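Before any comments, here is the structure.
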Amino acid sequence: MIRDALARGQAEAVFPAELPEYEVTIELPRRSEFGDLACNVAFRLAGKLRMPPRKLAELIASRISLEPEGELDRVEAAGGGFLNFLLKKRVWGSVLERIQAERQAYGDSRLGQGRRVIIEFVSANPTGPLHVGHGRGAAVGDSLANLMKVSGFQVWKEYYVNNIGRQINLLGQSVLARFQEKVYPGSGLDKVITGMPAVEFPADGYQGGYILDLAKGLAQQPADFWPSSEKAREEWIRAVGIYAGNRVLEGIKADLEKFGVTFDLWASEQEMYKSGKVDQALADLENRGYLERHEGATWFKSKDTFGEEKDRVLIRSTGEKTYFASDIAYHREKYARGFDQIVNIWGSDHHGYIPRVRAAIQALGYPEEKLRVILIQFVNLLRAGKQVSMSTRSGEFITLADLVAEVGRDAARFFFLFRKADSHLDFDLELAKKQAPENPVFYVQYAYARVSSIREEARRMGITLPVPEWDPDLLTLPEELTLLRQLVWFPNLIRESAQALEPHHLTAYLLELAGNFHRYYHDYRVLPPKRSSEEQGAREGQSSGEGQSSKLKGENQNDREEGNFEPEELKLSQARLALCDSVQVVIRKGLEILGIQVPEKM
RNA sequence: GCCCCUGUAGCUCAGUGGAGAGAGCAAAGGAUUCCUAAUCCUUGGGCCGCAGGUUCGAUUCCUGUCAGGGGCACCA
């Protein structure tokens with residue numbers, strides 16, 4: 001259309017016959033005064049045509065022909081040279097028809113075209129309960145999964161369990177030492193356990209109350225749990241470590257379930273070893289010439305080949321394989337399983353680790369650009385403005401379970417998704433608990449509950465949805481247009497957030513939508529005002545029509561029934577009700593993606 | 001030393017190659033005969049860290065610089 005206008009200008013010899021290459025981009029302006037769509041083509045051409053952009057814009061605008069049946073209402077030149085387009089009102093109003101028809105499917109798209117994506121997240125070592133930082137990763141990962149699902153991706157969620165290796169042994173040793181110290185003496189267990197080697201509590205062992213609980217649990221183990229007396233100390237530690245790791249993992253699973261987060265697979269590092277996948281991966285690297293042996297260890301040649309700082313150890317001189325070795329095998333598996341996109345959500349302390357993993361993926365001949373890593377920055381937990389310290393080792397931490405118990409799952413998830421994943425997050429416990437407007441979670445949920453309340457009241461009055469016929473001219477208030485525009489924007493927001501892997505945009509959007517709704521609600525009535533009983537006339541006492549429960553009888557005196565409104569009044573109310581209902585549908589959809597529940601009443 | 005992230009209102013943070021830069025909190029004052037006052041309104045408040053560059057146009061992109069956080073193991 002714009003090109004037509006320019007061509008017309010050329011024909012009139014206002015523009016030169018030879019136009020330079022140019023691009024026409026249309027954007028949504030931030031301010032409603034600037035129209036519904038804006039175009040900056042005049043700026044792009046101004047320099048080349050040696051004309052002021054404003055003048056150029058006016059020339060173009062005057063040559064644009066609008067089809068009378070089209071969706072555009074008018075076009076004008078504005079500002080320094082923008083072309084602003086105004087859509088006809090029915091275009092905005094039609095979004096309500098669409099939402100009413102699609103309901104919860106509004107916002108779904110086929111962006112992903114069924115491509116398969118694996119999202120690995122949380123993946124905390126089973127050496128202690130999840131803390132709030134893991135909770136943030138869980139919230140981000142789970143919401144991202146939802147976001148991608150509605151955007152047409154096939155999503156697979158996975159937790160990688162590091163249930164073997166040094167940390168697990170350390171856990172085993174910590175638990176066994178506590179067992180010998182606090183549980184075993186005088187327990188009579190010497191009849192069951194024979195030849196237990198003495199184990200001291202390691203210097204860097206795990207502290208915290210859960211270690212003693214695990215030690216107490218050991219007392220319930222059957223006799224065949226314990227290694228035979230001639231087995232080495234390491235065997236005892238390993239057995240206790242695996243036991244403790246499994247117990248901790250059960251707790252982690254339970255905590256995540258309470259947090260509303262589930263996984264399609266709990267991938268086990270032990271399994272990677274048992275199935276020979278680690279050895280296969282190493283053999284693969286060997287065949288491709290990326291392994292090197294010196295100083296008794298086996299190294300991945302990442303320094304000269306991939307520009308890494310240094311080579312990395314895969315097999316220690318002791319013969320033990322490093323975590324990196326099994327992680328290479330795990331990533332190799334992800335590629336081999338045929339995922340189109342691989343998303344890892346890691347703690348920000350892993351950032352130095354990413355280039356190394358990418359190097360290994362390239363070394364194995366896989367496309368590393370399929371891998372995208374989201375780093376989760378630390379959560380700064382505040383209570384009454386004071387920082388709450390966290391560290392797994394010292395045992396002084398607030399667990400995810402504690403957090404959920406204190407502020408609730410909904411508030412916790414919302415706060416975790418409030419900020420960009422890679423920026424530091426201040427989490428104020430007092431604010432999250434507050435049942436007040438300054439708490440964003442309640443603010444959004446309340447907007448939802450309010451609509452339910454309106455709908456309930458409407459039902460009593462006999463006003464129902466769907467609207468029989470849509471009259472776009474009924475919603476003409478600026479506040480209504482603001483809401484309509486925001487609803488139109490929603491599917492776009494979902495797509496963009498899914499593409500960028502950034503669920504936090506959704507929390508901001510919902511807050512804004514809730515705010516616009518609250519303002520609208522405050523200033524205008526959705527339903528017709530109640531009439532006093534004198535005005536109500538002869539219909540009194542009659543029981544109302546379908547779907548009314550008997551408990552409403554007492555209220556009927558003040559209520560009006562269907563047919564008791566002016567037709568225009570009824571139509572306006574229905575249109576506004578459709579708007580509110582559509583706002584609610586979108587809030588529900590948004591909160592669902594974030595994993596937050598919607599209350600019908602508050 | 002090298003690498004990554006972050007510098008935007010008093011605080012916590014959104015945001016964008018374009019049109020007086022936004023929200024929440026905090027401060028002060030106000031608003032319910034009527035669909036939930038868990039709401040709403042008003043008022044102040046800003047060299048978008050600093051300096052260059054690219055551009056018709058930079059808070060946004062590039063370079064440098066300063067400040068804060070984090071990472072650089074034969075740990076995971």
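Being a predicted model, the structure only gives us computed values, none of them experimental. Throughout, a chain's letter reflects where its sequence line sits, starting with A, and its residues are numbered from 1.
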When you measure from the side chain of [X] to the backbone of [Y], do you find a donor-acceptor pair of N or O atoms at a distance under 3.5 Å?
X        : Y        : value
A/Tyr210 : A/Thr127 : yes
A/Asp311 : A/Lys303 : yes
A/Arg358 : A/Glu368 : yes

d([atom1], [X]; [atom2], [N]) in whole Å:
X        : N     : atom1 : atom2 : result
A/Leu375 : B/U6  : CG    : P     : 11 Å
A/Leu506 : B/G15 : CG    : P     : 13 Å
A/Asp523 : B/U32 : CG    : P     : 14 Å
A/Leu493 : B/G15 : CG    : P     : 11 Å
A/Trp346 : B/C4  : CH2   : P     : 17 Å
A/His522 : B/U32 : NE2   : P     : 9 Å
A/Leu425 : B/A14 : CG    : C1'   : 13 Å

Counting the atoms with a prime plus P, OP1 and OP2 as sugar-phosphate, which does [X] contact under 4.0 Å by heavy atoms, base, sugar-phosphate, or nothing?
X        : value
A/Tyr524 : base
A/Lys420 : sugar-phosphate
A/Arg419 : base
A/Ala38  : base
A/Ala447 : nothing

Which of parallel (below 30°), tilted (30 to 60°) and perpendicular (above 60°) describes A/Phe82 and A/Phe43?
->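 Taking A/Phe43 first and then A/Phe82, their aromatic rings stand perpendicular (interplane angle over 60°).
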
For the pair A/Glu120 and A/Lys334, find out whether any cationic side-chain nitrogen is under 4.0 Å from an anionic carboxylate oxygen.
->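 Salt bridge: yes.
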
Looking at A/Lys55 and A/Glu58, does any basic side-chain N land under 4.0 Å from a carboxylate oxygen?
->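 Here A/Lys55 does not pair with A/Glu58 in a salt bridge, since their nearest N and O are not under 4.0 Å apart.
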
Is there a Watson-Crick or G-U wobble partner for [N] with both distances under 3.5 Å, and which nucleotide is it?
N     : answer
B/G1  : B/C72
B/U43 : B/A27
B/U32 : none
B/U54 : none
B/G22 : B/C13
B/U65 : B/G49

Along nucleotides 69-76 of chain B, 5' to 3', which nucleotides get a B, which get an S, and which get a -, given that the test is a protein heavy-atom distance under 4.0 Å?
-> SBSSSBSB

Nearest to side-chain heavy atoms of A/Met602, which nucleotide of B/A19, B/A37, B/A38 =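 Nearest nucleotide to the side chain: B/A38.
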
Between B/G15, B/U12, B/C40, which nucleotide has the shortest distance from any of its atoms to the side chain of A/His505?
->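 So the nucleotide nearest the side chain must be B/G15.
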
Would you say A/Arg519 reaches B/C41's phosphate, i.e. side-chain N/O to OP1/OP2 under 4.0 Å?
->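 Yes.
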
Do any side-chain nitrogens or oxygens of A/His518 fall under 4.0 Å of OP1 or OP2 in B/A37?
->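 Looking at the OP1 and OP2 atoms of B/A37, neither is under 4.0 Å from any side-chain N or O of A/His518.
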
Using atom [atom1] in both nucleotides, what's the gap between [N] and [M] to the nearest angstrom?
N     : M     : atom1 : value
B/A28 : B/A37 : P     : 24 Å
B/G22 : B/U43 : P     : 14 Å
B/A9  : B/U60 : P     : 15 Å
B/G44 : B/G24 : P     : 15 Å
B/G53 : B/G70 : C1'   : 30 Å
B/U8  : B/U42 : C1'   : 25 Å
B/A58 : B/G15 : C1'   : 15 Å
B/A67 : B/G49 : C1'   : 8 Å

A/Tyr443 stacking on B/A38: centroids under 5.5 Å, ring planes under 30°?
->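 Here A/Tyr443 fails the 5.5 Å or the 30° condition.
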
Can we call the ring centroids of A/Tyr353 and A/Trp346 under 6.0 Å apart?
->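 Close enough - the centres of the two rings lie under 6.0 Å apart.
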
Please test A/Glu480 against A/Arg576 for salt bridge (Lys or Arg N to Asp or Glu O under 4.0 Å), starting from the C-alpha separation and ending with a verdict.
-> CA-CA 9 Å; A/Glu480 291 167 337; A/Arg576 289 185 171 177; 3.1 Å; yes

Torsion-based syn/anti label for B/G20, 90° from 0 as limit |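 Classified syn.
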
Glycosidic class, syn or anti, of B/U32 using a 90° window around 0 =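 Syn for B/U32; the angle stays within 90° of 0.
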
Criterion ring pair (Phe, Tyr, Trp, His ring centres under 6.0 Å) on A/Tyr290 and A/Phe306, from CA distance to verdict = CA-CA 10 Å; A/Tyr290 292 110; A/Phe306 298 104; 5.6 Å; yes

Going by atom types only, do A/Glu269 and A/Ser326 share a side-chain donor-acceptor pair under 3.5 Å?
->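 Their side chains do contain a donor-acceptor pair, which is all the 3.5 Å distance test asks for.
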
